[in-house]
Amino acid sequence: MNFQQIEDEALHLPKEKRARLIHRLVLSLDAPTEEELRSDWLHEAHRRAGELDDGAVQAVPSDEVMRKARALIK
């Protein structure tokens, strides 16, 4: 399908489906690229490692985290 065909089909959708399509298209404009996500996660990992190194936060054993998480969803 070319752009004109897609546009014509979209304009013939019921109002609710057009609104949902518009919402998804707008969200896709704001979605970060894979490289941006990778960079953001790397930055976050460095920040958290720094907090651990500085003693600003304490590590929590994974079994304790899982126990607390399971308790919250019961």
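Throughout, residue positions are numbered sequentially from 1 according to the sequence presented. Only a predicted model underlies this, so the values are computations on that prediction, with no experimental measurement involved.
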Which residues share a side-chain hydrogen bond (donor to acceptor under 3.5 Å, both in side chains) with E36, sequence neighbours left out
T33
Distance col, row R18:CZ vs H12:NE2, nearest 0.5 angstrom, shows 10.0 Å
Report the residues that fulfil side-chain hydrogen bond (donor to acceptor under 3.5 Å, both in side chains) with E9, sequence neighbours left out, ordered by chain and then residue number.
none
side-chain contact (heavy atoms from CB on, under 4.5 Å) partners of R47, counting only residues at least two apart:
E44, E51
From S39 OG over to E34 CD, what is the distance, rounded to the nearest 0.5 angstrom?
12.5 Å
Could you tell me the separation between the CG atom of L11 and the CD1 atom of I6, rounded to the nearest 0.5 Å?
12.0 Å
Closest heavy-atom pair, Q58 versus L52, reported as atoms and distance to 0.1 Å, is C-CD2, 4.3 Å
The criterion is side-chain hydrogen bond (donor to acceptor under 3.5 Å, both in side chains); which residues satisfy it with D40, sequence neighbours excluded?
none
Nearest 0.5 Å please: distance from the CZ atom of R67 over to the CG atom of L72.
10.5 Å
Using a 4.5 Å side-chain heavy-atom cut-off and chaining through intermediate ILVMFWY residues, the residues clustered with I73 come out as none
Starting at CZ of R48, measure out to CH2 of W41 and round the result to the nearest 0.5 Å.
6.0 Å
What is the distance from atom CG of D8 to atom CG of L13, rounded to the nearest 0.5 Å?
11.0 Å
Below 4.5 Å, heavy atoms only, C-beta onward: do R38 and L42 meet side chain to side chain?
no
When you look at CD of E16, are more than 12 heavy atoms from neighbouring residues, nucleotides or ligands closer to it than 6.0 Å?
no
For A56, is there any backbone N or O sitting under 3.5 Å from a side-chain donor or acceptor partner on D54?
no
Which residues pass the side-chain hydrogen bond (donor to acceptor under 3.5 Å, both in side chains) test with E64, not counting sequence neighbours?
K68
